[in-house]
Number of protein chains: 2
Amino acid sequence: MDMPIRTADEVELDRLNSALGFLMRLAQLKIYERFFEEVGEHNLKPGEFSVLWVILHNPGIRQSVLGQRLMIKRAHMTKLIRALEDQNLVSRKVPDGDRRAVEITLTPEAVTRVKQASQWFFTYEESVGANLTGDERQQLTSLLRKFVGLG
Amino acid sequence: MDMPIRTADEVELDRLNSALGFLMRLAQLKIYERFFEEVGEHNLKPGEFSVLWVILHNPGIRQSVLGQRLMIKRAHMTKLIRALEDQNLVSRKVPDGDRRAVEITLTPEAVTRVKQASQWFFTYEESVGANLTGDERQQLTSLLRKFVGLG
DNA sequence: GGGAGATTGTTTCTTTGTAAACAAATTTTG
DNA sequence: CAAAATTTGTTTACAAAGAAACAATCTCCC
């Protein structure tokens, strides 16, 4: 007789168990969850951090290029950048060469802030894979890089 | 002199390049993108499919348990289930033993539909990792399973 | 048995992200 | 050079997902 399932680990996932999309979603949820647990006070969200980080390393980058690289849609990028601008973290400049474009730079405050945030961010990044060995973690990131087509 | 960056592959990501959270997000976006390209007409979204698939393999599963397993929040699960109910794909039953709970089952139509959808779904799942070798794909899924704590 | 607390699901509100239509500037091409 | 097509960013409307508050039921414990 079938007893109704009562606890999550009795659940039969069958082939879903090895579906990349499914596992990837779980993995990302786990990362997010941990992120906000460990670091809730630090007032930069993962997305904001990555945007600022990339601007730090590519000053004057254009909104469109930033979006392409981080896979953020233009419409959304507009909002992100505006939010950062409101916090006085980035400044926008329309270049002479192409008056449609916008070039983004960090404000001096943001430079300090991002450098500081990067310390815990990358520490956190390490710690989130703690149930993997160093080798496995390394292997996982290379496979992911290959999967997404990042050199 | 610094030339402003004009193309996405000139962008310096620095350490973000090996950040699990970042790579995972890119990977998931890639999967979603492909999903809708290849399979747009097939009118089941990935989330809906996985929910139906799990109900197929665990008939009478409770909403809460389903949610725990698939990492879907209760509030959201309510909406998903209602949408599926409106399409006549699932039926809900309040069990005698616990009148707070809801037990979910597939309708006969849904059973056929899900079985059918599963064929392309898992085919697609294979094809999405096409730039990996079979071994690498296998390795990636095991690492992900370990990472998220799935046996 | 009866109240305190926990579980389960729903509702409402907010956040995050996408889609589609648009405006302005630029590039292409005939 | 001028019309057509493309690029860039913004706006508006919407969908997906989460958070918090709530109601109903159940469990635990006195």
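The sequence lines fix the lettering, A, B, ..., with proteins before strands; numbering per chain opens at 1.
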Q: So does Arg74(B) get a side-chain nitrogen or oxygen closer than 4.0 Å to the phosphate oxygens (OP1/OP2) of dA21(D)?
A: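 For dA21(D), OP1/OP2 do not have a side-chain N/O of Arg74(B) under 4.0 Å.
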
Q: If you compare every side-chain N and O of Ser64(B) against the phosphate oxygens of dG9(C) (OP1, OP2), does one of them come in below 4.0 Å?
A: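 Checking dG9(C) against Ser64(B), a side-chain N or O does come within under 4.0 Å of OP1 or OP2.
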
Q: By the 4.0 Å heavy-atom rule, please label Ala101(A) as base, sugar-phosphate, or nothing.
A: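 Sugar-phosphate, no base atom in range.
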
Q: Among Val111(B), Ile104(B), Leu80(B), Val114(B), exactly one meets side-chain contact (heavy atoms from CB on, under 4.5 Å) together with Leu52(B). Which residue is that?
A: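 That would be Val114(B); it is the only one of Val111(B), Ile104(B), Leu80(B), Val114(B) passing the side-chain contact (heavy atoms from CB on, under 4.5 Å) with Leu52(B).
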
Q: Please state whether the phosphate of dT7(D), meaning OP1 or OP2, lies under 4.0 angstrom from any side-chain nitrogen or oxygen of Arg62(A).
A: no

Q: In whole Å, I'd like the distance from the CD atom of Gln68(B) to the C1' atom of dG9(C).
A: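 Value for this atom pair: 13 Å.
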
Q: If I take atom CG in residue Asp96(B) and atom P in nucleotide dT25(D), what distance separates them, rounded to the nearest angstrom?
A: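 After rounding, the reported distance stands at 14 Å.
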
Q: Taking CG from Leu66(A) and P from dT8(D), how many angstroms apart are they, rounded to a whole number?
A: 13 Å

Q: For Gln63(B) and for Leu80(A), find the nucleotide of DNA chain C with the closest heavy atom, then tell me which residue's nucleotide is more 5'.
A: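 Looking at DNA chain C, the more 5' nearest nucleotide goes with Gln63(B).
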
Q: Is Lys73(A) near enough to dT16(C) that one of its side-chain N or O atoms lies under 4.0 angstrom from OP1 or OP2?
A: no

Q: Using atom NE2 of His76(B) as one end and atom C1' of dA15(D) as the other, report the distance to the nearest whole Å.
A: 10 Å

Q: Test for a donor-acceptor pair under 3.5 Å between the base of dT25(D) and the side chain of Arg99(B), counting only N and O atoms.
A: no

Q: When you check the phosphate oxygens OP1 and OP2 of dT11(C), does a side-chain N or O of Arg82(B) lie under 4.0 Å from one of them?
A: yes

Q: Compute the angle between the rotation axes at the two ends of the helix from dG1(C)-dC30(D) to dG30(C)-dC1(D), each taken over five pairs, rounded to 10 degrees.
A: 20°

Q: dT8(D) C1' sits how many Å from Ile81(A) CD1, rounded?
A: 14 Å

Q: Give me the ring orientation class for Trp120(A) and Phe49(A): parallel if the planes are under 30° apart, tilted from 30 to 60°, perpendicular past 60°.
A: tilted

Q: I'd like to know if the side chain of Gln87(B) reaches the main chain of Leu89(B), judged simply by a donor and an acceptor atom lying under 3.5 Å from each other, with no hydrogens or angles considered.
A: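 Absent.
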
Q: Does any donor-acceptor pair link the side chain of Arg100(A) with the base of dT26(C) at a separation under 3.5 Å?
A: no

Q: So, the side chain of Asn58(A) versus the backbone of Glu12(B): is there a donor-acceptor pair under 3.5 Å, distance only?
A: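 Answer holds: yes.
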
Q: On DNA chain C, nearest-nucleotide positions of Ala75(B) versus Leu29(B): which is more 5'?
A: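 Upstream on the strand: Ala75(B).
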
Q: If the threshold is 4.0 Å, N to carboxylate O, is there a salt bridge linking Lys146(A) and Glu136(B)?
A: yes

Q: Just how far, in rounded Å, is C1' of dT16(C) from CZ of Phe35(A)?
A: 15 Å

Q: Taking atom P of dT8(C) as reference, at what distance in whole Å does atom CE of Met77(B) sit?
A: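 From Met77(B) CE to dT8(C) P: 13 Å.
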
Q: Apply ring-ring contact (aromatic ring centres under 6.0 Å, His included) to Trp53(A) and Phe22(B), showing your working.
A: CA-CA 12 Å; Trp53(A) 176 258; Phe22(B) 177 65; over 10 Å; no

Q: For the pair Phe36(A) and Lys45(A), evaluate side chain to side chain contact (heavy atoms under 4.5 Å, CB included) and give the outcome as yes or no after the intermediate values.
A: CA-CA 9 Å; Phe36(A) 290 112; Lys45(A) 281 163 276 180; 4.2 Å; yes

Q: Look at Arg92(B) and dT10(C) and indicate whether a side-chain polar atom (N or O) is within less than 4.0 Å of OP1 or OP2.
A: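 Checking dT10(C) against Arg92(B), a side-chain N or O does come within under 4.0 Å of OP1 or OP2.
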
Q: Rounded to the nearest Å, what distance is computed from the CZ atom of residue Phe36(A) to the C1' atom of nucleotide dA17(D)?
A: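 Distance check: Phe36(A) CZ to dA17(D) C1' gives 13 Å.
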
Q: Ignoring hydrogens and geometry beyond distance, is the side chain of Lys79(B) in donor-acceptor contact with the base of dG18(D) at under 3.5 Å?
A: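 Yes.
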
Q: Hey, are Thr7(B) and Glu10(B) close enough side-chain-wise for a donor-acceptor pair under 3.5 Å?
A: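 Thr7(B) and Glu10(B) do have a side-chain donor-acceptor pair below 3.5 Å.
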
